[in-house]
Number of protein chains: 2
Amino acid sequence: MELSERDQKVLEAVVNDYIKTGEPVGSRVISKRHGLNVSSATIRNVMADLEEMGLLYQPHTSAGRVPTEKGLRFYLDSIAEFKKLESKERALIRRAFQESTRDFKELLRKTSHVLSKFCKQAAVVLWPRLALTRFKHIEFIRIRVRQILVILISRSGLVQHYTLHWDEDISQDELDKFSRYLNELLEDIPLGEVKKRVLNEMHKEKVLFDELYSRALAMTQQVFQAGFENSDIYIEGQINLLNSPEFTDVQRLRRILEAFEDKSRIIRLLDMTLNVSEGVQIILGPEMELKELHEIGLISSPYRRGDTLLGALGVIGPLRMDYSKIIPVVEFTADLLSELLEEPVEE
Amino acid sequence: MELSERDQKVLEAVVNDYIKTGEPVGSRVISKRHGLNVSSATIRNVMADLEEMGLLYQPHTSAGRVPTEKGLRFYLDSIAEFKKLESKERALIRRAFQESTRDFKELLRKTSHVLSKFCKQAAVVLWPRLALTRFKHIEFIRIRVRQILVILISRSGLVQHYTLHWDEDISQDELDKFSRYLNELLEDIPLGEVKKRVLNEMHKEKVLFDELYSRALAMTQQVFQAGFENSDIYIEGQINLLNSPEFTDVQRLRRILEAFEDKSRIIRLLDMTLNVSEGVQIILGPEMELKELHEIGLISSPYRRGDTLLGALGVIGPLRMDYSKIIPVVEFTADLLSELLEEPVEE
DNA sequence: CGCTAGCACTCAAGGGAAATGAGTGCTGAT
DNA sequence: ATCAGCACTCATTTCCCTTGAGTGCTAGCG
């Protein structure tokens, strides 16, 4: 698709005005407000062309134009240029993180809070993919007969736990031995490799004939099979969606919030973005499979530790949101979070 | 306030119809539908009386009557009789809990899910007051230099953790000693008494001169001071509020959801109910201090283990909700949760 | 040939008058 | 005491008209 400079300017103007006002924008406004020195009639011709290309759309004959999803996409991909976040804003966000503890969960929660506050939209933060974090510590606690609480801690301080039912009752003393054995065995390996390591170990001779070892391994196997899969997500600031006039219609709002309720979908959505790119991504509603979310957009970015992409964070808002503000915020926040997760060099 | 039998019947009819339809109810409907064999004119007279007493209210001259908060209160306290939940429903709720693990958090989350699903309103479940649960295990993990992850497990399997910054760096070996010492010291005492016990211990001679002990105690002191206070709450099904026509007005809805956003208020609210009574309580919006919540009602009940009231759960909905359904559900769910929390006798 | 001024046309949105109907209060009869 | 009947009130709905923003088209201009 080729657009002349002027065509692009007109499209840009339409998108910008539409994002600002939410109303269809007419030719007159554009010819007046924006620097193109042509009459409204000319703009109309251009707009008619853009409409033919499927970039604009007219709600009804006597209304102005609204960008289509295709138009928005084209604008975002080929026309708009997004700056880095201003240093003033950067400082503000940094400050918001200042007081927060270094507790992992707390940090993620804080992140979602900050994002939703600064972008005035709903924010999502995906938990790190467990498989990528490294083993630090495991502990088995006997809660009651045949019921064992398994606690897993990753090197970065992420705590996971899972309640396990076991066929026979095991004393706390023995469980302590399990812990000691496993803590040594699994030291510092990525959680994603635990299963493999355990399987390997199970076939070693010294283990095959040692009841304690093999039970410990069997238990670990089961726990990692069932227990620690759950990736989770923090969603915050859904109320902000109420700010947008497009969601004053309760039915629409309902559909969308319902989609949020089922977190697994959002998780999958964010998870997908992890495989695609390293930087900020924009996914427009109509590009998602979920038709409940057709009317919203997602701006997301992965966060990392070192070179591994751990998880993702993002902002969810109406298609008509302030990309020029939100994109830099998302970008910076992701960087900041990555920075905070960076392991300091041991002194 | 004294009401004749007939007056009560009329009030009841108004409340019931209003709850069902959400519209002001007129005299004609009442004289027809409900078993009182009097004409609408007579009903009108009765209604006029009830209005004078402040139990009913007329939005405008030619509209029917709506119960006032006072009227609703009177109805709930003195007129309505709530049955136990039907056994069919009971079985359904039991079933919903069937598959769930015995993991504490999972259980609470499940509870909020079940409540919101069965009552078709928003549900809240307050975490147990930590102070009332008993000590099971504490563990200190060195995450990085001068940063220690403290994990606390209560006897019922509730896991809490907190990231602690400590002035000097302590090796994992030493931390393990801390754990062993404290696990013995604090065995099985209620968490609310930990601080006292620690303080006591600090003054004992054998501790005063032992560096390890006193450091461990100091650390515990600090953790329990700052870390484990946070009571939390699960809120689920807020979307259900959108079902009620009274909240299709976005502004109202906004106010209410905003109040939800700040969980601490809701926590305080539920926490208060814990001190009042043992059974189901109904708090009507106007009775709360928070004027944001004037338009909603809360039906809550404590849950317990044995004889101690641990926490509370409840349903939040419009003032006009189906009390006759929800009250029994809340009551039963609280009982069921208490039952599930019951510690089985050790075999 | 590209641009523009001008004009007729379209259509959503706003506003006001009239119709509708649910519900009341009061009165006089039973 | 209770009720039938009637006049009255007032929110809600419906309809129609006006308004104004915006378009497409065409003829004329540089």
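Residue numbers start from 1 in every chain, and the chains themselves are labelled A, B, ... in the order their sequence lines are given, proteins ahead of strands.
A:R6 has its CZ atom 8 Å from the C1' atom of C:dG2, to the nearest Å. Regarding A:N37, its CG atom lies at a distance of 12 Å from the P atom of C:dA5, rounded to whole Å. When the P atom of D:dA1 is taken as reference, atom CG of B:D49 falls 12 Å away, rounded to whole Å.
B:T42 has a side-chain polar atom (N or O) that falls below the 4.0 Å cut-off from OP1 or OP2 of D:dC3.
Between the side chain of B:T248 and the backbone N or O of B:P245 there is at least one donor-acceptor pair closer than 3.5 Å. Distance alone, capped at 3.5 Å, places no donor-acceptor pair between the A:Q58 side chain and the A:G64 backbone. The backbone N or O of A:L284 sits less than 3.5 Å from a side-chain atom of A:E287, completing a donor-acceptor pair.
Screening A:R44, A:K32, A:R65 for a side chain to side chain donor-acceptor pair (under 3.5 Å) with A:S27, the sole residue that qualifies is A:R44.
A heavy-atom distance below 4.5 Å is found between the side chains of A:P318 and A:Q121. Using a 4.5 Å cut-off on side-chain heavy atoms (C-beta onward), A:I326 and A:K120 make no contact.
Considering only side-chain atoms of B:H60, the nucleotide from C:dC11, C:dT4, D:dA11 that sits closest is D:dA11.
Other residues, nucleotides and ligands contribute only 12 or fewer heavy atoms inside 6.0 Å of the CG atom of A:N37.
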What does the B/S/- profile of nucleotides 20-30 of chain D look like, 5' to 3', with a 4.0 Å heavy-atom cutoff to protein? -BSBB------

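Within the structure, salt bridge (Lys or Arg N to Asp or Glu O under 4.0 Å) contacts touching residues 7-19 of chain A (residues at least two apart or in different chains) are A:D17-A:R33.
Non-hydrogen atoms lying under 4.0 Å from DNA chain D are contributed by nothing in residues 15-23 of chain B.
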